[in-house]
Amino acid sequence: MTTDPEPAALDPAADPDCLFCRIVAGDIPASRVHEDELVIAIRDIAPRAPTHILVLPRRHIASALDLTDADAPLTGRLFAAAAAIARAEGIADAGYRLVANVGRWGGQTVDHLHVHLMGGRPFEWPPG
């Protein structure tokens with residue numbers, strides 16, 4: 001009897017030690033709010049706002065620092081998905097924040113590119 005390979009095995013760019021790659025593969029459960037062929041979005045398990053959703057590429061990219069011109073369609077999809085989710089969550093009209101942390105000093109805690117979509121309350125500027 002032949003079994004299908006694990007989802008992570010289908011993506012040679014997946015990092016088996018990456019938390020988000022394991023979520024993408026379905027190995028770790030998450031509250032998914034959006035899925036398409038390029039990105040998924042999940043609710044943050046430690047929200048910093050009433051609405052706090054992480055939008056991430058299915059493909060492993062360590063951070064925004066690793067993006068190239070070839071990633072322009074993916075980057076566009078991340079932002080388009082975030083806008084659609086903001087509308088669906090009812091936070092688009094009042095406004096929301098999109099944040100991509102890069103590196104340890106930038107606050108990145110998981111080395112897989114992701115955009116924080118936060119809303120449902122006012123935000124201050126400058127942040128942090």
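Starting from 1, each residue takes its place in the sequence as its number. Only this structure's heavy atoms are used, side chains among them; waters, hydrogens and symmetry mates stay out. What you see is a predicted model, and the numbers here were worked out from it, not measured in a lab.
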- Least distance between heavy atoms, Arg104 atom then Thr109 atom: NH1-CA, 3.8 Å
- Taking all non-hydrogen atoms of both residues, which atom of Gln108 and which atom of Ala62 are closest, and how far apart? NE2-O, 2.8 Å
- Query: Taking the side chain from His60 and the backbone from Arg58, do they hold a donor-acceptor pair closer than 3.5 Å?
  - Reply: no
- Task: Verify, without hydrogens or angle tests, whether Arg22 (side chain) and Asp15 (backbone) share a donor-acceptor contact under 3.5 angstrom.
- Result: no
- Message: Using the rule given for salt bridge (Lys or Arg N to Asp or Glu O under 4.0 Å), can you reason through Glu89 versus Arg43, listing the C-alpha separation, both sets of side-chain angles and the distance that settles it, and then say yes or no?
- Response: CA-CA 11 Å; Glu89 293 284 318; Arg43 295 202 184 277; 2.8 Å; yes
- Cluster link Leu38 to Val24, ILVMFWY, side chain under 4.5 Å: no
- For Glu124, look at atom CD and say whether over 12 heavy atoms of other residues, nucleotides or ligands are found less than 6.0 Å away. no
- Message: Can you tell me how far apart CZ (Phe79) and CG (Leu117) are? Round to the nearest 0.5 Å.
- Response: 10.5 Å
- Message: Can you give me the closest heavy-atom contact between Val39 and Ala81, atom names plus distance?
- Response: CG2-CB, 4.0 Å
- Query: Checking side-chain contact (heavy atoms from CB on, under 4.5 Å) against Leu78, which of Leu113, Leu98, Asp71 comes through?
  - Reply: Leu113
- Query: To the nearest 0.5 Å, what is the distance between CE (Met118) and OH (Tyr96)?
  - Reply: 12.5 Å
- Query: Crowded around Phe123 CZ? As in, over 12 foreign heavy atoms under 6.0 Å?
  - Reply: yes
- Apply the test side chain to side chain contact (heavy atoms under 4.5 Å, CB included) to residues Ile40 and His34: give CA-CA distance (whole Å), side-chain angles for both, the deciding distance (0.1 Å), then the verdict. CA-CA 5 Å; Ile40 71 166; His34 172 87; 6.0 Å; no
- Query: What's the spacing between His114 NE2 and Ile23 CD1 if we round to 0.5 Å?
  - Reply: 10.0 Å
- Item | Closest contact, heavy atoms only, Ile91 versus Gly119 | CD1-CA, 3.9 Å
Donor-acceptor contacts, no H, no angles, side chain residues 45-56, under 3.5 Å, sequence neighbours left out:
{"residue": "His52", "atom": "ND1", "partner": "Arg48", "partner atom": "N", "Å": "2.9"}
{"residue": "His52", "atom": "NE2", "partner": "Asp44", "partner atom": "OD2", "Å": "3.3"}
{"residue": "His52", "atom": "NE2", "partner": "His116", "partner atom": "ND1", "Å": "2.8"}

